[in-house]
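Below is one structure, written out as structure tokens, with a few remarks after it.
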There are 2 protein chains.
Amino acid sequence: MARPPAARTKVLDAYISLLCEEGERAATMEATAAKAGVSKGGLLYHFASKEALAEAVVALSEELILLDLQDMNTAEEGAASYFIRTSAQVDTELDRLLLALQRLAQSGVESANTQLESISSRWLEALMEEVGDKDIAHLIMLISEGLYAFTGTPGTWYQRNFEGNLSHLLELVPQLKKLGHRNQ
Amino acid sequence: MARPPAARTKVLDAYISLLCEEGERAATMEATAAKAGVSKGGLLYHFASKEALAEAVVALSEELILLDLQDMNTAEEGAASYFIRTSAQVDTELDRLLLALQRLAQSGVESANTQLESISSRWLEALMEEVGDKDIAHLIMLISEGLYAFTGTPGTWYQRNFEGNLSHLLELVPQLKKLGHRNQ
DNA sequence: GTCTATAAAAAGATAGAC
DNA sequence: GTCTATCTTTTTATAGAC
């Protein structure tokens, strides 16, 4: 797969968009094909089954998470701040993939669930390396997951109530780290 | 509806269980009827359509959230601690309902999304009353949402990594509140 | 109130033309 | 590589017996 065909990429992207924006139930092969601008037959040439589409999402997420972990581990602001800040981003390729993975996992796709757990493990590992304290790493994982859950929702309640509050949250991070050192 | 028929209750409960344990896609009318031990026809007498089932979930969640808000506002440990502690509970009727609501919202059921936003607003209001500081209320909402997202997953990654860590988390709450007062 | 039988639509997948 | 046509299964919903 040196350079996947353009049509294949377009189909996969359409599938991910449908998963994120309308949910797993709406992400049918027919709807995906239509959104990608190909026929059902055309789609099935690249992805022989629905399962193949889901597996492609898992595989793509792995490519992107490897790049993200590199950035996280070398971020000047520190892994924790990087992690919280990027958890609130909704327009990145990685965040789309993570949301798609979550939708698949909740629909019973076992490999998506496994991949999400694997990703969480690697994040936790990177956080522990920076903050040392398990309780604080736990806290930061929860904050990130919360941000992720809220901003991943199509609704605007979160934006209405906490727009612009992210910078305040990030200012609290050094203080949270201090709490951890006090605990040790 | 002074006392809903037993069969109706059993059907609704089966639907909620399927939503939580196997996802929205698996929660078909046929599967729901089978799990409730009635026929499709029997189910359709109580719920004329799939939409009627979803609306019943929303209505039941409203009953339970009113009771929970009362408990939260009068909890001796304080609203924030109560809120975080109960967010990690997975076996209560309310938490099942909230998970079911989330699954419906993610499947495009608009009223479920509206209800979730309404619930978040009322929680935030109760938290603000106790902690005063918006950033800290924000932080606590995120922690709770994170707990909720992690523990609502059928997977065991969270349990493996953070089993027994909840008490440490709760011990941090007073310190978080202090951070808020420092900010004012 | 609950059942069986059945219709109507949607979804996943195959076959073969181009 | 992409399309149309078709088949099978699943899902939602209706009709009417009991």
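Residue numbers start from 1 in every chain, and the chains themselves are labelled A, B, ... in the order their sequence lines are given, proteins ahead of strands. These numbers come from a predicted model, not from an experiment.
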Rounded to whole Å, please give me the gap between [atom1] in [X] and [atom2] in [N].
X: A/Leu44; N: C/dA13; atom1: CG; atom2: C1'; result: 7 Å
X: B/Leu18; N: D/dT11; atom1: CG; atom2: C1'; result: 14 Å
X: A/Glu24; N: C/dA11; atom1: CD; atom2: P; result: 11 Å
X: B/Leu53; N: D/dA13; atom1: CG; atom2: P; result: 10 Å
X: A/Met29; N: C/dG12; atom1: CE; atom2: P; result: 7 Å
X: A/Glu30; N: C/dG12; atom1: CD; atom2: P; result: 9 Å

| message | If I compare all heavy atoms of A/Arg25 with all of B/Glu24, which pair ends up nearest, and what's the gap? | response |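 Scanning both residues, the minimum pair turns out to be CD-OE1, 2.8 Å.
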
| query | Under 4.5 Å between any side-chain heavy atoms of A/Thr86 and A/Asp71, yes or no? | reply |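 Of all side-chain heavy-atom pairs linking A/Asp71 with A/Thr86, none is under 4.5 Å.
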
Review item, side-chain donor-acceptor pairs of residues 42-49 of chain B, under 3.5 Å, at least two apart:
| from | atom 1 | to | atom 2 | distance (Å) |
| --- | --- | --- | --- | --- |
| B/Ser49 | OG | B/Glu51 | N | 3.4 |
| B/Ser49 | OG | B/Ala52 | N | 3.2 |

| query | Just by distance, do the side chain of A/Gln89 and the backbone of A/Asp95 share a donor-acceptor pair under 3.5 Å? | reply |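 Between the backbone of A/Asp95 and the side chain of A/Gln89 there is no qualifying donor-acceptor contact (under 3.5 Å).
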
| message | Tell me if the CD atom of A/Glu129 is crowded by more than 12 foreign heavy atoms within 6.0 Å. | response |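 Open: at most 12 neighbouring heavy atoms sit under 6.0 Å from CD of A/Glu129.
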
Interface polar pairs with nucleotides 1-3 of chain C, N/O, under 3.5 angstrom:
| from | atom 1 | to | atom 2 | distance (Å) |
| --- | --- | --- | --- | --- |
| C/dG1 | OP2 | B/Tyr45 | OH | 3.2 |
| C/dT2 | OP2 | B/His46 | NE2 | 2.6 |
| C/dC3 | OP2 | B/Ser39 | N | 2.7 |
| C/dC3 | OP2 | B/Ser39 | OG | 2.7 |
| C/dC3 | O5' | B/Ser39 | OG | 3.2 |

| query | Can you check whether A/Arg25 has a side-chain N or O nearer than 4.0 Å to OP1 or OP2 of D/dT12? | reply |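 Yes, within the criterion.
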
| request: Over 60° means perpendicular and under 30° means parallel, so classify the ring planes of A/Trp157 and A/Phe162, tilted if in between. | output: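 Judged by the thresholds at 30° and 60°, the geometry between A/Phe162 and A/Trp157 is perpendicular.
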
| Proximity to the side chain of B/Ser49 - top-ranked nucleotide from D/dT11, C/dG12, D/dA13 |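 Among D/dT11, C/dG12, D/dA13, the one nearest the side chain of B/Ser49 is D/dA13.
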
